[in-house]
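Here the structure is laid out as structure tokens; the discussion comes afterwards.
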2 protein chains.
Amino acid sequence: MQYDPVGRFRRFARAVTMEVGALDTSFLGRGRPLGAARVLNAIGMGRTDVAEIREYLGLDSGLMSRLLRSLEEEGLVRTTPHPGDGRRRVAIFTEAGQREFQAYEELSNARASALLDRFPRSDELLHAMDVVASALGRDRIAIQEADPGDDAARYCLGEYYAELRRRFEKGFDVALSRDPDAVDMVRPRGVFLLAMSDGLPVGCVGLKGTGGEVAEIKRLWICPTARGFGVARRLMHAAETVARELSVKTLRLDTNSALTEALKLYRTSGWIEIDRFNEDPYPDHFFEKHL
Amino acid sequence: MQYDPVGRFRRFARAVTMEVGALDTSFLGRGRPLGAARVLNAIGMGRTDVAEIREYLGLDSGLMSRLLRSLEEEGLVRTTPHPGDGRRRVAIFTEAGQREFQAYEELSNARASALLDRFPRSDELLHAMDVVASALGRDRIAIQEADPGDDAARYCLGEYYAELRRRFEKGFDVALSRDPDAVDMVRPRGVFLLAMSDGLPVGCVGLKGTGGEVAEIKRLWICPTARGFGVARRLMHAAETVARELSVKTLRLDTNSALTEALKLYRTSGWIEIDRFNEDPYPDHFFEKHL
DNA sequence: GAATTTATCTGACCTAGGTCAGATAATATG
DNA sequence: CATATTATCTGACCTAGGTCAGATAAATTC
């Protein structure tokens, strides 16, 4: 039974603006107005180009200029001309700025931690927060290349194997499967792609190359909270683009009929079902696509 | 596997301040500063006492005064002296004010609706929002009396029956159970209590009286998203308080061993297990408490 | 009944945030 | 090369939000 969806959504909005708003305005508390703190934070997040910060924070150029100046006067930031374009400027932290940013980070982490500690069933709460954040941030999910050995990549692979164990009737043991060597999923042989939603990995796919004209798609996984937003399609598309760059002419993949969403995706995006091409015990469907 | 809880929480905070912040500042859009709109909204939510609004919005008395004045000048609000206390003032809507508040409500509803419509699996999203809102709003859950025929009460009872169907081995059919007459759960014979979390009912309990010195506790239910916050204990405590007001000396209840949390609650709050006192097919445990 | 407390109002003042119209210099376009 | 366009900066100006010190009047306490 649905008890007034709009009312429930608005209750949610009220609850978070009360609690989380406090987390946002907590940028106060170090004797600096919110605007300056936000710029400091944007720089800390790796945005150095002034125009980029300005666009990200939605600021007027005049205001932006003044905020940067105040941070410079505090000795937290230095601005230098952009190497390739003399009109632009880039902002970088001084050592004091780096320390100040770290102080904000620790303050934010401590608050978040304290808030989480207050709740029983915090894993359920975190899962709910993931669902909400993935939904609200669906338009900001970005595809990026990663090393298959990175923490984020290993996290995705771990979740992927866990899901196979749950969904395959006989379970899943990665040792029995043909586990591709990591080097086959690193350029120039292949690539490993992650879908990142504001810092959280929510999907992955591997392109396992051989150095020749045939390569294989492996390990396509989307976090349950990020399904339905077209992330799989974007990951596959990005993998195909890399394959073309690496002069691959034919892509192959195998999958299991328990993975119904994946099967549907392959069938609606130009893949053609072919005969079994390996002796892996888990797959029962095989596909091919010419680039 | 937990991928950095604090990071996940902060990702959530960023996502909602982006999306939901827009919903908050949407109080703009009718040519009125946020402060005035928030006061208008507070009045619309039933807060008429000026001091009460001031405290709710956390405003300085000077600012509050000016905001009220501006709403008066717009012809949206009238202030009159408080009937019982000449220092206080109460703010009430004029007809134009009522219309303006309605306009804000419709605007907010439309935005919420549009935002929800963008998502597939919106029931999953709403459930996640309920989990988050219940957790963040746990300190604002209020117990109130209600008529067992109200929408909110019927919603709780419906969820309660659905849960029994799921949890009892043989299912549950309310027609086979001794369904108390509604009048037994209305004063002066008994009472029906709801736990409300910012407008959403998240729990209930019935006190079914006979007019005599013995009464029964029925229909204790807590919404899954609100469990672990002590709501059941508060509901039971409130029901006992009403029972004492109604001169009840002995409380009884029956329950089923599938409802483990309830059993645990009764055993740790002064209830004593007694022999079966009715022929209802579902319960297998019976308790009594002397007030 | 005098002294204190409480709720509201008023005027003076301040800061943060934001807009707008040029100025300046570098780059892109014809 | 002349002419746009772009990124930033500067000064002038404005509004919203908020603080503070009294003023006023009603209620409470002694």
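Below, chains carry the letters A, B, ... as their sequence lines are ordered, and counting in each starts from 1. Just so it is clear, the model here is predicted, and its values are computed rather than measured.
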Worksheet entry | Atom pair distance, as rounded to whole Å: CZ in B:Arg89 and C1' in C:dT6 | 15 Å

Worksheet entry | Any residue meeting salt bridge (Lys or Arg N to Asp or Glu O under 4.0 Å) with B:Glu245, in chain and number order, not counting sequence neighbours | B:Arg187

Worksheet item: Going by the ring pair (Phe, Tyr, Trp, His ring centres under 6.0 Å) test, which pairs reach into residues 38-66 of chain B, not counting sequence neighbours?
Response: none

Worksheet, complete the sentence: What one should report as the nearest heavy-atom pair of A:Leu235 and A:Cys204 is CD1-N, 3.6 Å

Side chains of residues 236-244 of chain A: which donor-acceptor pairs under 3.5 Å do they make with residues two or more places apart or in other chains?
from: A:Glu240; atom 1: OE1; to: A:Lys289; atom 2: NZ; distance (Å): 3.3
from: A:Glu240; atom 1: OE2; to: A:Lys289; atom 2: NZ; distance (Å): 2.8
from: A:Thr241; atom 1: OG1; to: A:His237; atom 2: O; distance (Å): 2.9

Any protein N or O atoms within reach of nucleotides 20-26 of chain C? Criterion: under 3.5 Å, listing atom names and distances.
from: C:dA26; atom 1: O3'; to: A:Gly86; atom 2: N; distance (Å): 3.3

Worksheet item: Could you state the CG-C1' distance from B:Leu59 to C:dC9, rounded to the nearest angstrom?
Response: 15 Å

Worksheet item: In terms of side-chain heavy atoms of B:Arg88, which of D:dG18, D:dT8, C:dA7 is nearest?
Response: C:dA7

Discussion item. Under a 3.5 Å distance rule, please check whether A:Thr94 uses its side chain to pair with a backbone N or O of A:Leu76 as donor and acceptor.
Written reply: yes

Response to the item:
The salt bridge (Lys or Arg N to Asp or Glu O under 4.0 Å) partners of A:Asp139 (sequence neighbours excluded) come to B:Arg118

Worksheet item: Please give, in whole Å, the distance from C:dT10 C1' to B:Leu67 CG?
Response: 14 Å

Practice prompt. Find the distance B:Glu55:CD to C:dT8:C1' and express it as a whole number of Å.
Written response: 16 Å

Worksheet item: Residues in salt bridge (Lys or Arg N to Asp or Glu O under 4.0 Å) with A:Glu72, at least two apart?
Response: A:Arg69

Worksheet item: Think A:Arg54 has a side-chain N or O under 4.0 angstrom from the OP1 or OP2 of D:dA7?
Response: no

Worksheet, complete the sentence: Between A:Ala36 and B:Asp49, the residue closer to the 5' end of DNA chain C by nearest nucleotide is B:Asp49

Worksheet item: Of all residues at least two apart in sequence or in a different chain, which pass the salt bridge (Lys or Arg N to Asp or Glu O under 4.0 Å) check with A:Glu105?
Response: B:Arg10

Worksheet entry | By ring-ring contact (aromatic ring centres under 6.0 Å, His included) - contacts of A:Phe101 (at least two apart) | A:Phe93

Item to complete: Tell me which of B:Glu52 and A:Gly35 sits closer to the 5' end of DNA chain C, going by the nucleotide each one is nearest to.
Response: B:Glu52

Fill in: Close approaches to DNA chain D from residues 69-83 of chain A, in residue order (heavy atom, under 4.0 Å)
A:Arg69

Discussion item. Could you tell me how far apart A:Met64 (CE) and D:dT10 (P) are, to the nearest whole angstrom?
Written reply: 13 Å

